[in-house]
Protein chains: 2
Amino acid sequence: MPVGISIKLNSGLYLRDPQATKLGKSIIKNSILLFEEIGFEAFTFKKLATKIKTGEASIYRYFENKHYLFLYLVSWYWEWVSFLIDYNTKNIIDPKRKLKIIINTFVFASKDNPSIDYVNESVLHKIIISEGTKAYHIKDIDEENQEGFFLNYKQMVAKVADVIAEINPQFEYPRALASNLFEMANDHIYFAKHLPRLTDVKVKGEDYTEVEKMLELFAKKLLAK
Amino acid sequence: MPVGISIKLNSGLYLRDPQATKLGKSIIKNSILLFEEIGFEAFTFKKLATKIKTGEASIYRYFENKHYLFLYLVSWYWEWVSFLIDYNTKNIIDPKRKLKIIINTFVFASKDNPSIDYVNESVLHKIIISEGTKAYHIKDIDEENQEGFFLNYKQMVAKVADVIAEINPQFEYPRALASNLFEMANDHIYFAKHLPRLTDVKVKGEDYTEVEKMLELFAKKLLAK
DNA sequence: CAGTTTTGATAGTAAAACTAATAAAACGTA
DNA sequence: TACGTTTTATTAGTTTTACTATCAAAACTG
């Protein structure tokens, strides 16, 4: 399992690097748990402060507001998925096998992948599934994009698009397919759990194999020559 | 052009039917404009009240809170798309042609389709593109789904899935493809405008033809036998 | 162990998210 | 057209959120 990996994120996302201090790590760890517990809208710095037994003001020293904290966590996830893709596809040459592994990574994300103790990847994955897209569906999207706040997502998509282009260089939409596979993985896990008539797949507990199968079929058909 | 159509929405979405009164219609009309202007997070009933020169309390008599008002608008859109699909595919028998029209409807939605004067469909479409999914990415999803608040979306997806199943009855994921085509239409218009490295399509102003072309190719490849 | 950085604790403001009460206006119908 | 009912406007108030400021205590750093 991955040891000593380090996740580097755009420093514009925070006021003080949360990875550098005990309190910072506690903010990361507990914000993941709290977002999962009560959801993005109900989440407040006050509640988080109470949870970690500190003052509201201390949290404000790390993050400007909850949007930035949330974006930090989502960026972490994007970077984490990128890392897992590299890790899981290491030494594999066949791009078709690579894409299969990528799809598996999208769907299962953090399964049995302990990494950094203050980040619970499995809970983070749940947050991404239920509200990850709120990180970029915002009014200031262009300004924040300008700041490079979405580079982790773009890099991950570029990585997947490269594999797609290797499988079928004639395929016109490698990046769109890459982002769509990622979004679809999350959407259809969410749909299966909460709005089952919007999909055909079923999930039982944490078993997302039907989602995986569907994405594999989609990729296969779309990339057939 | 459609005349005399009526959009019926789940009465649990509102406290008082906004379509029944002048103030109600003004709330609908102006909330669409205000959501577009300032975005979901910055939108408040107070600002809306100021905009339409009424009191905050008057708006609270129609909608419990901004989430319900937003869901009302999104449901309107789902229903409106359903109507457009029926309207645009009338008398067409070939399911392949039908799906093409559906894709065109997803992408262009309200283009040149004046309907009800207090709903600006073209602005509503912009809201859906940039934040439509916030209507169902919520903590209380299961309770609200229980109340039938997402029936309009499900019915629209079912309608499209039927056409898909007609084209290729062997295809295993008709509903997933239906919802994915809808989500993809919105996502990739948004990506092209704000996060272009997440897609391959380009949009110029209101010209979304490349998105349409992409969705047609995806549908074609996925439904090939 | 002195200096700097980080935190903890307290306090305060402005806006958001409501609720309540009542008077005025509009509307429906006998 | 007058009367009762429904709808709206106005005012006022509460609680929570989203911050900012201050300063002393604690912790870490060279």
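Residue numbers start from 1 in every chain, and the chains themselves are labelled A, B, ... in the order their sequence lines are given, proteins ahead of strands.
Between the CZ atom of A:Arg61 and the P atom of D:dT20 there is a distance of 12 Å, given to the nearest Å. In this structure, CD of A:Glu56 is placed 14 Å from P of D:dA21, rounded to the nearest angstrom. The interatomic distance linking A:Ile59 (CD1) with C:dT6 (C1') rounds to 15 Å, in whole Å.
When distances are taken from the side chain of A:Ala57 to each of C:dG8, C:dT10, D:dT7, the shortest belongs to C:dT10. Set against D:dC23, D:dT7, D:dC19, the side chain of A:Tyr60 has D:dC19 as its closest nucleotide. Closest to the side chain of A:Tyr62, from the set D:dT8, C:dT6, D:dT22, is C:dT6. When distances run from any side-chain atom of A:Lys66 to the nucleotides C:dG8, D:dA18, D:dT10, the shortest one goes to D:dA18. Residue B:Asn65 places its side chain closer to C:dC18 than to any other of C:dA17, C:dC18, C:dT7.
Using a 4.0 Å cut-off between a side-chain N of Lys or Arg and a carboxylate O of Asp or Glu, B:Asp86 and B:Lys159 qualify as a salt bridge. By the 4.0 Å N-to-carboxylate-O rule, A:Glu37 lies too far from A:Lys126 to be salt-bridged with it.
Contacts of A:Tyr173 classified as ring-ring contact (aromatic ring centres under 6.0 Å, His included), with partners at least two apart in sequence or in another chain: none.
At a threshold of 4.0 angstrom between heavy atoms, the contacts of B:Arg16 are confined to the sugar-phosphate backbone, with no base atom among them.
Relative orientation of the B:Phe35 and B:Phe43 rings is parallel, given thresholds of 30° and 60° on the angle between their planes.
Taking the centre of each ring, A:Tyr208 and A:His188 stay at or above the 6.0 Å mark. Aromatic ring centres of A:Trp80 and A:Phe83 lie closer together than 6.0 Å.
A:Thr54 has a side-chain polar atom (N or O) that falls below the 4.0 Å cut-off from OP1 or OP2 of C:dG8. Side-chain nitrogen and oxygen atoms of A:Ser58 include none within less than 4.0 Å of the OP1 or OP2 phosphate oxygen of C:dT6.
For the pair B:Lys66 and B:Phe45, the cation-pi criterion (under 6.0 Å, within 45° of the ring axis) is not fulfilled.
Contacts between residues 22-48 of chain B and DNA chain C, defined by a heavy-atom separation below 4.0 Å, involve B:Thr44, B:Lys47, listed by number.
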